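What follows is a set of notes on a single structure, which appears directly below.
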Amino acid sequence: MSFLARHRIILPVVSLAVLLAATFYMQPRAMSYFGLNLLFNLAVPIALATIAQMMIIMVNDIDLSLGAFVSLVACVTATFLNDTPMLGLLILLALILSYALLGALIHALDLPAIVVTLGMSFVWGGLALFILPSPGGASPDWLRTLMTVKPPIVPMAVVASVIIAAVTHLLIIRSGIGTVLRGVGGNATSVARAGWPVIRLKAFAYGLAGLFGVLAGMTLVGLTTSADANIALRYTLLSIAGVILGGGEFIGGKVSPTGAVIGALTLTLAASFLSFMRLSPDWQIGAQGAILILVLTARLIFSRRGEA
Amino acid sequence: MTISRMLLGAASLALIAGMAHAESGTADKRIALSNNYAGNSWRQAMLQTYEEIGKKAVADGVVAAADAYTTSENQATEQAAQIQNMILQGYDAIVLNAASPTALNGAVKEACDAGITVVSFDGIVTEPCAWRIAVDFAAMGKEEVDYLATRLPDGGNLLEIRGLAGVFVDDEISKGIHQGVAEHDKFKIVGSVHGDWAQDVAQKAVAGILPSLPEVVGVVTQGGDGYGAAQAFKAAGRPTPLIVLGNRQDEMKWWAEQRDANGYETLSLSIAPGVASLAFWVAQQVLAGEEVPKDLTVPFLKITQDTLDESLANTPEGSVANVTYSLDDAKKVIADAK
């Protein structure tokens, strides 16, 4: 195996570095504490959502309801968590639990996750509209303070990204349970034969996804100060793209938490970069897709060469 | 002409230019438009108006730049990122048609904290540091009934065509209409259908309710539905009532045809997409140091029997009547709000 194929983190890091250099070249103002924070603070909820998606992809499933789920969490955060914190907290815990149950259900009945989560996206979306029929609500003060904190030297967005990457790296790559979870994605049968209860592991993975989805929704409200029922619908596709961009693969439990965070940052930066280029909006979605395909092609070329 | 007179002329020209410069005081300022959606004729006309007025203002040296940005998807998170990018790009003012009245507040606050003037219009934001150029939709609904009262002093039965259910604008216009009917109690709303601001939907809905209705003397609408209503009345073989229209090109064309055929007379009113140019000038005035109230109201664009031909000639097929606001219009709106 070549160096690049073994260290799948190299490519995401290089992609981000190249894009960052290009952005700094086009907009030197971005090369500052203030600028970096503006560039990346909306990437924090996307990074958390990407980690949530990664948990699902890790066990060989895919979550098409994540955007709607994050929107729902944002609505709960901007209403219940702000007005009656205890009730809000209970609702958020219930949401995490329902994600775990969903994982167990999908495994127990051998349902295709893509269909179940697609269905759930309408449930989450409906609940979000029910809670917040018209845009509004307010961010709890502590959350707003947390998201606008100005740590010394390095801006909040960068600190948060590093913390998210480090914590999930420890959890998924270093810890024992993380290894087993990746094993479920790699070969569920052998994990089951080794005596692990796969249904509980899947529920745990989905529960983790629910937890990070909740964190994504909360941080998003901390940034926007209020919510609406459609606020995060784009996160479904962004999170999948982020996982793949960060070196994850759809099958086999091959994921990289650090890569996923970097993937989320890269996607956010790509949008800003295209906007700085004054590219017409009609072309921007296409250009974003082109960047994604470019990175994936590069990865494929390197991994093929690694196998040969 | 002697040399000295030429010099004098040049000097006075320079003086005038200098004065104009001092008056605007915004020659080095840059204004950006943040727009969340470009997928219908109204938004296209809005972008075009902004571009025209921006180009002219830059050429005249009123501002240094007037760029327009539209997000690739109609999403609040995208637009928040777009606004943050504008802060980085160092714009002095952001003219904003927002995807959400609340979800952009964080980004708007950040822009304000960076010393940027934010003027929201049409899709306004609730963040207190931003200016709002709002549309008084309820007043628009009431004005329709007021007009009917002048034309039909005996009153009678009205049919109401509403917009898209559950949307704020629909509620507001309808509220205004019902308020108007409460004031002019000779009128009675005998039927109400949802036309979704689209001619085909309105036509079907009106055709469905017509057989159950008594004689209808007037139709109050929300715009984009008047032509469909007229077609439904025609198909049912009933006399065409007085239909208040909403400035769409097909509505005006029908109106002109009816006028030529039988002297049909009505009123058409809506919000002009050119409100973007009003927002531009308001932002310019704020940058120039003028004191501008935070809440302003957009005037309606009214088309009457006298202005019909002119409006129809100026409106491209499939589009909506437009007007470009000037600096003086903006000053008037500001003065009215004070």
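Predicted, not measured: the structure shown is a model, and the values here were computed from it. Reminder, nothing fancy here: chain letters follow the sequence lines and each chain counts from 1.
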Response to the item:
One should read off an interatomic distance between B:Met86 CE and A:Ser275 OG, to the nearest 0.5 angstrom, of 7.0 Å
Worksheet item: Closest heavy-atom contact between A:Ala30 and B:Leu88?
Response: CA-CD2, 3.8 Å
Fill in: Atom group of B:Glu127 that falls short of 4.5 Å from chain A, counting heavy atoms
neither
Item to complete: Identify the heavy atoms of A:Asp228 and B:Ala103 that sit nearest to each other, and give their distance.
Response: OD2-CB, 3.9 Å
Item to complete: Identify which part of A:Ile231 has an atom lying under 4.5 Å from any heavy atom of chain B, answering side chain, backbone, both or neither.
Response: both
Practice prompt. Would you mind reporting whether A:Arg234 and B:Glu78 have side-chain heavy atoms less than 4.5 Å apart?
Written response: yes
Worksheet item: Contact part of A:Phe276 toward chain B, heavy-atom cut-off under 4.5 Å: side chain, backbone, both or neither?
Response: both
Worksheet item: Between A:Ser272 and B:Asn85, does any side-chain donor sit less than 3.5 Å from a side-chain acceptor?
Response: yes
Fill in: Point-to-point distance, once rounded to the nearest 0.5 Å, from CG of A:Leu38 to CD of B:Gln89
11.0 Å
Worksheet item: Taking the side chain from B:Thr102 and the backbone from A:Ser226, do they hold a donor-acceptor pair closer than 3.5 Å?
Response: no
Fill in: Exceeds 12 heavy-atom contacts within 6.0 angstrom, atom NZ of B:Lys56
no
Discussion item. Assess, by modelled atom type and distance only, whether the side chains of B:Gln75 and A:Asn230 contain a donor and an acceptor separated by less than 3.5 Å.
Written reply: no
Discussion item. Counting heavy-atom pairs closer than 4.5 Å to chain A, which one of B:Ala76, B:Gly90, B:Ala68 comes out on top?
Written reply: B:Gly90
Practice prompt. Report the C-alpha distance between B:Glu110 and A:Asn41 in whole Å, list the side-chain angles of each, state the deciding distance to 0.1 Å, and finish with yes or no for side chain to side chain contact (heavy atoms under 4.5 Å, CB included).
Written response: CA-CA 12 Å; B:Glu110 260 168 309; A:Asn41 66 6; 3.3 Å; yes
Worksheet entry | side chain to side chain contact (heavy atoms under 4.5 Å, CB included) between B:Leu104 and A:Thr224, worked out | CA-CA 6 Å; B:Leu104 294 172; A:Thr224 59; over 6 Å; no
Practice prompt. Pick one of side chain, backbone, both or neither for A:Leu233, based on which atoms fall under 4.5 Å of a heavy atom in chain B.
Written response: both
Worksheet item: Tell me, side chain or backbone of B:Ala99 under 4.5 Å from chain A's heavy atoms, or both, or neither?
Response: neither
